There are 2 protein chains.
Amino acid sequence: MTQPRVKIRTVAEAAGVSVTTVSLVLNNVPSARVSAETRERIHQAARRLGYVPNEVARQLRSQRTKALGLLGDEVTTTPFAGRMVLGAQEAASKHGWLLMLLNSGLDPELERKEIAALIRGRVDGLLYTTMYHRVVRVPDQLRTMPTVLLDAEDETTDVPSVVPDEQDGAYLATKELLNHGHRRIGFINHSGDIPATWGRLNGYRRGLAEAGVPFAPELVVPVPPVAREGYGATLRLLGAERRPTALFCFNDRVAMGAYQAAAALGLRIPADVSIIGFDDQQEISEGLLPGLTTVALPHYEMGAWAVDALIARILDPQTPVERVLLPCPVVRRGSVGPPAF
Amino acid sequence: MTQPRVKIRTVAEAAGVSVTTVSLVLNNVPSARVSAETRERIHQAARRLGYVPNEVARQLRSQRTKALGLLGDEVTTTPFAGRMVLGAQEAASKHGWLLMLLNSGLDPELERKEIAALIRGRVDGLLYTTMYHRVVRVPDQLRTMPTVLLDAEDETTDVPSVVPDEQDGAYLATKELLNHGHRRIGFINHSGDIPATWGRLNGYRRGLAEAGVPFAPELVVPVPPVAREGYGATLRLLGAERRPTALFCFNDRVAMGAYQAAAALGLRIPADVSIIGFDDQQEISEGLLPGLTTVALPHYEMGAWAVDALIARILDPQTPVERVLLPCPVVRRGSVGPPAF
DNA sequence: TGCGTTTGGTAAAACGGTTTGTCAACGGAG
DNA sequence: CTCCGTTGACAAACCGTTTTACCAAACGCA
């Protein structure tokens, strides 16, 4: 811990060559002409001395940090953001890059400061992310460095972004129920105005339309997407005359409420009513009995895509701007069966 | 984006002084003697030009990065690790430091590589963390730089660590039930051998003992800590003769199973049976109806403590090694009431 | 022998700051 | 008038790499 750190000069002296040559060899620069013996001597010396290049010096000289910043509102806190971070992390590692995390809470002032701190030359690019799929306005400061939006979309069109294909996911969920024979499908939607709300509604309607099932407005009830509200909505939906035989829930929390409402009504899942969720929040979907069939948000894949896209743009700023939708696959557990009647 | 970056020399020229003076003034070095007018001129120039020091250059010269690494198994992925990361993050920000995240999955090979990558001079210290309270062996490579264990303990005693006070948490949970009048309290424990298992068992026993309630071995049933097993264990416990009036569950997932078992048995919570959990995993504890009374793991606080301790040790290596237990407070929702009989 | 061309390597200039050591000018004190 | 301490500022060294430009020796060939 206290012995003097071995630097490139140490290696050079040990191998009896210049610093230049050591650098050339260790980075195996293709244009360098160095004899095989010399190369060998250098590698030996480096290994023997346990030489590790000083990354900071390298960064200063090459003006590149090989690090990415992940900046979000409270993204690291939220339950499934973990998978997004993991996807980003592993993609970065794969390229030999590092990931720095920062969250700004919901304080825009802090956000600005943290962006500034990051910008202070520590990262080559930024992932700007939100804790759920949202439309944002990219802060001007971000425009000075390569940026990719993760689980967020910009109003303008000049910054790359990746978000879940909400509509397709909802379409698949609806089809899953239709395929089992359901024709009267309740939809407990989000009451807020976010992309997921109308995206999923569109997917639901598209599914119904494709199967020739008329859309019945009384079957969709919008509520805040939490368990308690899901409980209430389910009670209403299943208490009605000609009750639906299946429920498509905006998310797994709502589905959790639906399960409890079904239990309260004495209805078994899926024998008496089928339920499908959205998000695949595993603490919930795996904890419910029977397991909840749901639609997974591709968080891992989005994280990975964003990093790949960001690195590509850092290496070549001419890389075209893409805005992709990633598919949301259905995850089958045990909550969907044929209709009771 | 393309205009030449303003560096310290630019400011110096604009203010008509030397680079030295600019540095001295902008960092307001106490020993520097610079006239008030000159100072003012420099600040003006810096502001006008929008000067931001190059952090990398600064790091190279001062041999300090003001960044911390958070290295974990799959810590960022797990549901409540988020709060731990957040605590660490905010503590770091408070000191003006940055946090880098890395997770090694469960691949020790990768872990080693990533430590090496981190060590390459990008961070001044490391937080070594696990996704649940565990006893670990600190890799030798870590011993070369300041390290603090987060939610983990080392076998040896020379590295600082912070973990939840499992025993006290379980004691509080038990007391919560006892205070409501319960005397026959089932305990669905973890079947694995980790600190939480025996810590919580000890706390449970201590609570009982203190209240003069004899320990009944048939009331504690160890299972893998997931909902399905909690369901089964609850069925057994509540199906028995002289059934317990309250259940203390190893964690919220188990409690989630217990809720569903209670519903299946036609028992209401808390009228017929009281339930208390552990962990305060909010997707669960807030999603269950009624809300789950549980014991919170102090993840946020642990993260913050670890960062504070780490920075202290970086600034002064003589700082004594502490190994702290942080309290686990009871979070009251609606699942505990007086006994049914 | 003379002259280009490889081969194998090096010296020195960046990169952008911080820190140390030096110095001129000035104002009292003796 | 000299000496000395203080004030205000700066030149240059340094942090540890990468990269550019250059060079000596050896080689090939007429």
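Only this structure's heavy atoms are used, side chains among them; waters, hydrogens and symmetry mates stay out. Keep in mind it's a predicted model, so treat the numbers as computed, not measured. The chains referred to below are lettered A, B, ... by the order of the sequence lines, with proteins before strands, and numbering in each begins at 1.
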Find the distance [X]:[atom1] to [N]:[atom2] and express it as a whole number of Å.
X: B:Glu37; N: D:dT7; atom1: CD; atom2: P; result: 15 Å
X: B:Lys7; N: C:dT18; atom1: NZ; atom2: P; result: 14 Å
X: B:Ile42; N: D:dC10; atom1: CD1; atom2: C1'; result: 12 Å
X: B:Arg9; N: C:dT18; atom1: CZ; atom2: C1'; result: 14 Å
X: B:Ile8; N: C:dT19; atom1: CD1; atom2: P; result: 11 Å
X: B:Arg5; N: C:dA14; atom1: CZ; atom2: P; result: 19 Å
X: B:Arg39; N: D:dC10; atom1: CZ; atom2: P; result: 13 Å
X: B:Asn54; N: D:dT17; atom1: CG; atom2: P; result: 17 Å

Within the structure, does a side-chain N or O atom of [X] lie under 4.0 Å from either OP1 or OP2 of [N]?
X: B:Gln63; N: D:dG16; answer: yes
X: A:Thr38; N: C:dG8; answer: no
X: A:Thr20; N: D:dT19; answer: no
X: A:Asn27; N: D:dT18; answer: yes
X: A:Tyr51; N: D:dG16; answer: no
X: A:Ser35; N: C:dT7; answer: no
X: B:Arg61; N: D:dC14; answer: no

Would B:Arg143 and B:Asp158 count as a salt bridge (Lys or Arg N to Asp or Glu O under 4.0 Å) if you check the C-alpha gap in whole Å, the side-chain angles of each, and the deciding distance to 0.1 Å?
CA-CA 10 Å; B:Arg143 304 198 167 265; B:Asp158 55 348; 3.3 Å; yes
From the options C:dG9, C:dC15, C:dT18, select the nucleotide whose nearest atom is closest to the side chain of A:Thr21.
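Comparing C:dG9, C:dC15, C:dT18 against the side chain of A:Thr21, the answer is C:dG9.
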Heavy atoms from C-beta onward define the side chain here; which of C:dT18, D:dT17, C:dG9 lies closest to that of B:Val19?
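Selected nucleotide: C:dT18.
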Would you indicate whether the side-chain heavy atoms of B:Asp165 and B:Val324 approach each other to under 4.5 Å?
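When only atoms from C-beta onward are counted, B:Asp165 and B:Val324 do not touch, as no gap falls below 4.5 Å.
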Side-chain heavy atoms of A:Leu325 within contact of A:Val163, under 4.5 Å:
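Sidechains of A:Val163 and A:Leu325: in contact.
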Between B:Gly16 and A:Ser62, just flag the one whose closest nucleotide in DNA chain D comes earlier from the 5' side.
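First, find each residue's nearest nucleotide; the 5'-ward one identifies B:Gly16.
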On DNA chain D, nearest-nucleotide positions of A:Arg33 versus A:Leu24: which is more 5'?
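Nearer the 5' end of the strand: A:Leu24.
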Pair A:Thr20-A:Ser23, side-chain donor/acceptor within less than 3.5 Å
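The answer is no; no qualifying pair exists.
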Straight-line distance of A:Leu60 CG to B:Arg58 CZ, nearest 0.5 Å
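Atom-to-atom, A:Leu60:CG and B:Arg58:CZ are 13.0 Å apart.
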Quick check: on DNA chain C, is the nucleotide nearest A:Arg41 upstream (toward 5') of the one nearest B:Ala57, or the reverse? Name the residue that is more 5'.
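On the 5' side of the pair lies A:Arg41.
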